[in-house]
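Chain letters run A, B, ... following the sequence lines, proteins first and then strands; every chain starts at 1. As the structure is a prediction and not an experimental result, all values here were calculated from the model.
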Number of protein chains: 2
Amino acid sequence: MPKARLTPASVTEAAAALVDEVGFDNLSMGLLAERLGIKTPSLYKHVTSQAELAHRIAVLAMTEAGDTIRDAIQGRSGSAALAAGAQAMRTYVREHPGRYAAANATRPTGPDDPFIPASERVLASWAAMLSGYGLDPGQEIHAMRTLRSVLHGFATLEAAGGFQIDASVDESFAWLVTFIDQGLRAGAASRGDVTA
Amino acid sequence: MPKARLTPASVTEAAAALVDEVGFDNLSMGLLAERLGIKTPSLYKHVTSQAELAHRIAVLAMTEAGDTIRDAIQGRSGSAALAAGAQAMRTYVREHPGRYAAANATRPTGPDDPFIPASERVLASWAAMLSGYGLDPGQEIHAMRTLRSVLHGFATLEAAGGFQIDASVDESFAWLVTFIDQGLRAGAASRGDVTA
DNA sequence: AGCCTAAAGCTAATCGCGTTAGCTTGAGTT
DNA sequence: AACTCAAGCTAACGCGATTAGCTTTAGGCT
């Protein structure tokens with residue numbers, strides 16, 4: 001049999017790179033085939049459908065994002081962990097807008113979808129980071145959702161060009177991170193958790 | 001000439017209703033035509049393209065959202081204005097997920113695009129609400145962006161089914177609003193910096 | 001009342017893109 | 001050297017958006 005020039009991983013990676021360049025909803029089989037130097041129908045020897053391809057990009061994205069966030073948080077705690085994790089996520093989305101869009105467009109296909117553990121790893125990193133704030137157990141879920149909301153919201157708004165005066169977007173993000181940090185600290189303090 | 005059964009406004013409204021039912025990216029000319037009781041090509045007597053139709057939905061959505069947010073904030077100030085405005089926005093997105101998706105998918109088509117003033121009206125409402133917190137002028141832009149990020153992030157995550165244990169999503173939103181309110185009151189980011 | 005125009009519909013046809021069917025080739029195995 | 005099958009290819013189908021061109025009909029005008 002012919003040597004496998006194209007592996008499942010290399011095809012997914014090429015698709016992910018493509019999507020970061022042209023945007024997730026401009027992904028087309030023809031574009032990817034051209035990029036790989038083959039004709040469009042030949043792609044179906046490596047992918048069952050465009051939907052499956054998009055899903056594979058999503059799994060890759062979630063896995064990569066999980067890795068960078070985990071690495072950023074590793075070895076830090078509290079404010080530093082929050083700042084590093086948030087920055088890692090923002091940077092990932094800026095560098096891989098197409099992959100991130102793919103991840104947001106996808107839904108788990110079943111109970112054994114690898115997308116599920118990949119997302120859970122991301123959530124686990126955030127949970128680990130939040131645990132450093134010593135929040136009340138009942139509040140952790142809310143803090144987690146609020147955190148996800150801000151970071152996701154900021155990243156998508158930025159990716160969509162939603163911030164007009166982009167001169168100070170970095171500054172805004174730093175402000176946002178500080179805002180969250182102080183809110184979380186205050187939340188812990190309000191329950192007497194303060195180290196005084 | 002035949003009476004105008006279908007006005008530009010009624011077509012856009014029907015498309016918006018459709019999109020809220022089937023999801024923005026399941027919008028199709030055939031579906032809308034069927035809904036209006038005409039054949040697909042006849043739609044082009046009322047719309048120049050699907051892209052234009054999507055854009056009209058987006059303008060409608062931004063205008064409607066602006067109205068409800070303004071109305072919610074009217075007559076309130078401070079925490080109450082924030083809570084009411086945030087709730088209004090969340091409710092709008094929950095009730096009109098397709099329109100909101102359309103609004104996020106669109107880009108201004110030119111300097112005289114009605115989408116621009118429509119978005120500005122939304123921003124103006126948020127700005128009016130934020131002014132009640134008496135923030136430092138230099139921080140207002142950051143507070144605005146942070147506010148937009150949380151609300152947009154929460155709304156889109158919720159619409160995408162991103163919150164698994166949906167039992168307490170209402171509670172999480174209330175927590176989020178309180179979190180933002182307390183942060184704004186404290187002038188959170190005015191002191192200290194956590195930037196990595 | 002009776003024409004005349006143009007808006008609004010329709011059918012037929014085109015185009016692009018995803019996808020399927022079926023043929024061909026060549027590397028690795030026997 | 002024969003054999004097999006993964007990976008490519010061309011041809012063709014299907015569906016949704018869009019265009020072309022015809023038909024109908026209501027409103028304005030004389």
Side-chain angles (χ1 to χ4, degrees), chain A residues 1-60 98-99 101-107 109, chain B residues 1-60 98-99 101-107 109:
Chain A
M1 43 204 139
K3 61 193 165 209
R5 328 186 302 92
L6 267 34
T7 67
S10 75
V11 170
T12 305
E13 183 60 47
L18 175 60
V19 120
D20 282 336
E21 291 173 37
V22 303
F24 177 62
D25 26 40
N26 290 325
L27 172 62
S28 79
M29 300 302 266
L31 226 41
L32 177 58
E34 187 182 26
R35 192 66 69 95
L36 293 172
I38 61 181
K39 301 292 179 175
T40 306
S42 305
L43 255 188
Y44 289 80
K45 288 287 152 72
H46 305 282
V47 160
T48 67
S49 70
Q50 182 168 336
E52 189 236 14
L53 178 63
H55 190 261
R56 276 161 54 175
I57 299 173
V59 173
L60 173 65
R99 298 174 205 224
N104 289 328
T106 215
R107 291 291 87 204
T109 58
Chain B
M1 42 207 140
K3 63 190 166 211
R5 326 185 306 93
L6 268 34
T7 66
S10 75
V11 170
T12 306
E13 183 60 46
L18 175 61
V19 119
D20 282 336
E21 292 173 35
V22 305
F24 177 63
D25 27 39
N26 290 325
L27 172 62
S28 80
M29 299 303 265
L31 224 43
L32 177 58
E34 185 181 28
R35 191 66 70 95
L36 294 173
I38 61 180
K39 302 291 180 176
T40 307
S42 305
L43 254 188
Y44 288 81
K45 288 288 153 72
H46 305 280
V47 160
T48 67
S49 70
Q50 183 167 344
E52 189 236 15
L53 178 63
H55 190 262
R56 277 161 53 175
I57 299 173
V59 173
L60 173 65
R99 297 173 206 225
N104 288 327
T106 214
R107 290 293 87 203
T109 59

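- No more than 12 heavy atoms of other residues, nucleotides or ligands shown are found within 6.0 angstrom of CD on E34(B).
- Computed from coordinates, the L53(B) CG to dG16(D) C1' distance equals 14 Å when rounded to whole Å.
- Near-neighbour residues of DNA chain C inside residues 11-34 of chain B, defined by a heavy atom below 4.0 Å, are absent.
- Taking atom CG of L43(A) as the reference point, atom P of dT20(C) lies 13 Å away to the nearest angstrom.
- The nucleotide whose nearest atom lies closest to any side-chain atom of I38(B) is, among dA12(C), dG9(C), dC9(D), dG9(C).
- Atom-to-atom distance recorded for I38(A):CD1 and H46(A):NE2 is 5.0 Å, nearest 0.5 angstrom.
- Set against dG18(C), dT11(C), dA7(D), the side chain of H46(A) has dA7(D) as its closest nucleotide.
- Looking at T48(A), L43(A), L32(A) one by one, the single match for side-chain contact (heavy atoms from CB on, under 4.5 Å) with L53(A) turns out to be L32(A).
- For the OP1/OP2 pair of dA26(D) and a distance below 4.0 Å, the side-chain nitrogens and oxygens of R5(B) include no atom meeting the criterion.
- Among dT20(C), dA8(C), dG8(D), the nucleotide with an atom closest to any side-chain atom of K45(A) is dG8(D).
- Counting any heavy atom pair closer than 4.0 Å across all strands shown, S49(B) reaches sugar-phosphate atoms only and no base atom.
- Contact check on E13(A) versus R99(A) returns a salt bridge, with a Lys/Arg side-chain nitrogen under 4.0 Å from an Asp/Glu carboxylate oxygen.
- Rounded to an integer number of Å, the gap from OH of Y44(B) to C1' of dC15(C) is 12 Å.
- As a whole-Å value, the separation of K39(B) NZ from dG9(C) C1' is 11 Å.
- One finds a side-chain N or O of S42(A) lying less than 4.0 angstrom from the OP1 or OP2 phosphate oxygen of dC9(D).
- Distance CG/N104(A) to CZ/F24(A): 9.5 Å, rounded to 0.5 Å.
- Here the side chains of I57(A) and L27(A) are in contact, with some heavy-atom distance below 4.5 Å.
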